[in-house]
Amino acid sequence: MWIDYFRLAFKTFTSEKKRTALTLIGIFIGIAAVVSLISLGQGLKASIDQQFSLLGTDKVFILPGTSAGFDPTNTIKLTSKDLAAVRSTNGVKSVSSMVFKIARVKLSGEVKYTFVMGLDDSDESFESVLESFGVTLVEGRGVQRNHELVSSYRISKGDFFKRPVRTGENMYIEDKKFRVVGTVSQVGNPQDDTNIYISIDDAKELFGISDDQLDYIYVTAKEGVAPADLAEKLKKVLRKTHDVKEGDEDFSVLTTEDYMQTFDIVLKVVQIVLIGIAAISLLVGGVNIANTMYTSVLERTNEIGIMKAIGARNSDIFLLFLIESGILGIVGGIAGIAAGIGMSKLVAFAAASAGWTFIQTLFPWYLTFGALVFSFGVGAIAGTLPARQASKLRPVDALRYE
Amino acid sequence: MLLDYFRIALGNLTRRKLRSWLTMIGIFIGIMAVVGLISLSQGMENALLSEFKKLGTNRIVISPGGAAMGPVGGALTPTKFTEEDYNTVKKIRGIDMSASVYSASAYLTFGKQTKQEMVWGFPFDSARIEFYKTQSMFDIGEGRLLRPSDKYKAMIGWGTANELFDKRIKVGNKIYINGVEFEVVGIHKKIGGLAGTASDNMVRIPKSAAREIFNKPDEVSAIFLRVKDGYSVDDVAERIKRKLRNFRDVKEGEEDFSVQTSAQVIAAFEQILGVVQAVLVGLAAISLLVGGIGIMNTMYTSVVERTKEIGIMKSVGARNSTIMIIFLIESGLLGAVGGAIGVALGLGIGKVAEVIAMQFDITSLQAYTGLPLIFGALLFAFIVGAIAGTLPAIQASKLHPVDALRK
């Protein structure tokens with residue numbers, strides 16, 4: 001019985017090859033676009049989560065200004081008073097601060113500009129401070145003396161200067177000689193992978209930054225102290241040093257989790273907008289299926305009449321057409337999923353060769369499964385009205401139809 | 001003749017009403033999305049451009065730091081300018097008006113509260129004041145502009161006056177910049193500023209006062225120039241670069257300063273907007289492609305259904321080209337009518353978004369409803385229809401009359 005329904009549906013497809021193919025393409029394009037966008041979005045989210053898990057969950061980050069992340073137009077800074085207040089807060093294990101500038105760096109006569117970060121390692125080793133920025137030392141050691149620097153992935157690989165930079169070599173930052181003592185791991189975005197890390201004292205001296213112009217403070221919580229509680233406490237402390245009321249803060253205090261969520265929200269909004277726009281084509285694909293099914297009903301009016309005349313029930317006819325449209329949806333969907341996977345792989349590959357290894361693809365089972373169910377759903381919904389129309393035809397009229 | 005073709009095409013479209021409608025829905029959804037997105041992004045770009053044009057298109061900004069980031073980059077680079085750099089460039093041929101400014105983040109105290117704010121030291125002599133008066137970023141809402149005789153006087157941005165502190169700052173109030181008392185003599189009009197151009201949050205004081213309170217007797221944060229009428233802005237910028245390279249003793253390509261013309265700033269913004277627009281419109285255009293496939297499908301069906309009709313037309317003398325044109329007109333009409341509905345709805349979406357944005361005080365989101373967009377979209381929809389119809393029309397025109405009649 002069921003087999004027969006399917007056999008009938010396939011017969012229509014093979015007799016109307018061109019129409020079937022065009023209808024399939026309509027669904028296929030939409031599913032491919034949506035699948036590749038979701039896959040890239042999920043991959044990006046996974047990369048970000050992984051990056052944050054590197055930071056550790058016992059950290060609290062303090063930034064000047066109200067937006068998470070570094071805002072280059074931000075002129076508000078954190079001060080030595082803030083730093084001291086944070087340090088003497090209960091539950092704080094260690095504190096580090098950071099300043100940064102875009103500086104002129106020179107390697108054997110070649111001049112470039114890049115971000116130079118000055119890190120404060122008075123409470124912890126330089127290596128562990130680096131880790132709170134999401135990078136780990138892969139070669140050499142951390143900065144221990146003045147005029148030493150740690151370089152990053154693209155600089156050490158020769159993707160920044162014309163040649164690779166090796167540990168032990170000298171480089172110039174703002175015309176001061178620095179020795180390269182180590183290199184950190186790849187972050188996966190071209191900007192962070194050209195950072196240079198030096199001691200905060202060197203940076204302050206080199207760039208003429210005072211103790212009251214800190215760009216960033218980060219705190220490690222004592223064991224047993226929940227970072228969220230500590231963050232609340234720190235907010236209170238900083239409101240006092242900044243003389244602001246709750247809600248008027250000109251600084252942000254974020255736990256690793258807050259940080260992650262901020263990124264997730266941004267990512268989600270972007271994803272929803274992009275996928276929403278791409279999904280319009282699925283709607284159009286669905287309309288195409290409906291159109292094809294109406295045409296099919298019209299063309300097979302006689303056939304429907306005959307089937308009814310020899311005893312087919314309304315529900316049989318309805319099912320027959322619904323299966324036909326559902327198959328159109330699902331077959332288009334399968335092809336679309338395959339193409340979507342290929343497309344997102346291609347994008348990720350292109351991005352990686354431009355230094356963005358951060359952009360990855362991810363194909364969770366629910367994406368594949370969801371896309372299949374969805375494409376079947378689109379087909380079935382689009383086919384419902386035509387199928388109903390077919391099932392309601394009166395056998396006599398249908399037989400008489402030409 | 002051509003009228004007959006249209007009549008035949010229309011007759012067929014109205015005979016299969018449901019199918020025609022469904023086919024057109026496919027096109028109009030796509031056109032609606034594309035038109036809506038272009039309308040909004042173009043509107044935003046236009047708002048940005050007019051904002052920039054207000055600032056003048058014959059401007060050059062010189063800032064320290066090699067990464068070409070304009071005035072924003074100045075805060076991120078350790079490189080410094082001095083008045084000597086300024087003196088080197090200010091006499092260059094083609095420069096009409098110039099000013100060197102010093103800016104720094106400072107503690108601003110009003111009443112019992114202290115906040116950080118950007119403070120700009122501008123030169124205020126009578127010639128430059130005349131120039132500032134023509135600049136919208138110096139527009140005064142309350143009070144007056146600074147005068148040459150002012151020293152510890154300040155003009156503040158709208159946001160600094162109304163939003164920074166719990167209490168509003170009024171003209172005549174005293175504020176403290178890094179502990180030094182200043183009298184507020186003017187409050188600027190609200191700019192609703194765009195990042196990187198101008199801001200509602202800043203304090204402007206005489207440069208001499210800034211030099212004193214920050215204890216920076218010679219440092220220059222940025223140099224603003226206006227190019228004389230009749231001179232090419234790009235040529236002047238080139239001359240400035242050459243002169244500054246010489247003075248600062250750096251090689252070409254290794255500059256530790258950036259010279260940006262207003263055209264470059266505008267181009268940079270346009271490029272960013274262009275990429276965003278391309279991504280969004282590109283995604284929306286996928287649905288147009290699918291809509292086009294829908295037209296193709298409908299046309300193939302139409303050809304099959306009308307095989308007999310085609311046979312008859314051919315046997316009474318219709319040429320291949322006639323048949324082809326009839327079918328092309330039919331598919332073109334599907335595209336154009338679907339497109340017309342889509343354009344109307346797309347512009348509607350743009351307007352609705354504009355109104356909603358207004359409720360949230362976002363005035364830069366204005367729907368663009370220009371004729372190029374409307375006609376462009378209509379033409380595009382027609383072309384999509386015609387292209388989608390080409391293959392089916394060729395198939396129809398190549399039918400052999402005898403075979404067609406026998407069917």
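The chains referred to below are lettered A, B, ... by the order of the sequence lines, with proteins before strands, and numbering in each begins at 1.
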Honestly, the part of A:T23 sitting under 4.5 Å from a heavy atom of chain B is both
With a 4.5 Å cut-off on side-chain heavy atoms, are B:E255 and A:V111 touching? no
Per-residue contact mode, A:L283 against chain B (heavy atom under 4.5 angstrom): side chain
Which heavy-atom pair separates B:D256 from A:Y113 by the least distance, and what is that distance? CA-OH, 2.8 Å
Using a 6.0 Å cut-off, check whether atom CZ of B:R15 has over 12 heavy atoms from anything other than its own residue. yes
Would you find more than 12 non-hydrogen atoms of other residues, nucleotides or ligands less than 6.0 Å from B:M44 atom CE? no
Just so I understand: if I count every heavy-atom pair under 4.5 Å between each of B:L288, B:T114, B:I27, B:L280 and chain A, which residue has the most? B:L280
Side chain / backbone / both / neither for A:V116 at chain B, heavy atoms under 4.5 Å: neither
Could you check whether any side-chain N or O of A:N288 sits under 3.5 Å from a backbone N or O of B:G26, counting only pairs where one atom can act as donor and the other as acceptor? no
Bottom line for A:L37: the part with an atom under 4.5 Å from chain B's heavy atoms is side chain
Heavy-atom cut-off 4.5 Å, strictly under: side chain, backbone, both or neither for A:E299 against chain B? side chain
Nearest heavy-atom neighbours spanning A:K18 and B:Q395: NZ-OE1, 2.8 Å
Of all the residues in residues 32-39 of chain B, which have a heavy atom that comes within less than 4.5 Å of a heavy atom in chain A? B:A33, B:L37
Crowded around A:R388 CZ? As in, over 12 foreign heavy atoms under 6.0 Å? no
Using non-hydrogen atoms and a 4.5 Å limit, figure out which bit of A:R104 sits close to chain B: side chain, backbone, both or neither. side chain
For A:Y172, is the OH atom crowded, meaning more than 12 foreign heavy atoms sit under 6.0 Å from it? no
Is A:L298 close to chain B through its backbone or its side chain, or both, or neither, when contacts mean heavy atoms under 4.5 Å? side chain
Hey, are the side chains of A:T79 and B:Y107 touching, using non-hydrogen atoms and a 4.5 Å cut-off? yes
Picking from A:I27, A:V273, A:T114, A:I29, which has the most non-hydrogen pairs under 4.5 angstrom with chain B? A:I29
Nearest heavy-atom neighbours spanning B:I286 and A:A33: CD1-CB, 3.8 Å
Out of A:L22, A:N291, A:T295, which one pairs with B:T298 under the side-chain contact (heavy atoms from CB on, under 4.5 Å) rule? A:N291
If you tally heavy-atom pairs under 4.5 Å between each of B:V250, B:V279, B:D166 and chain A, the highest tally belongs to B:D166
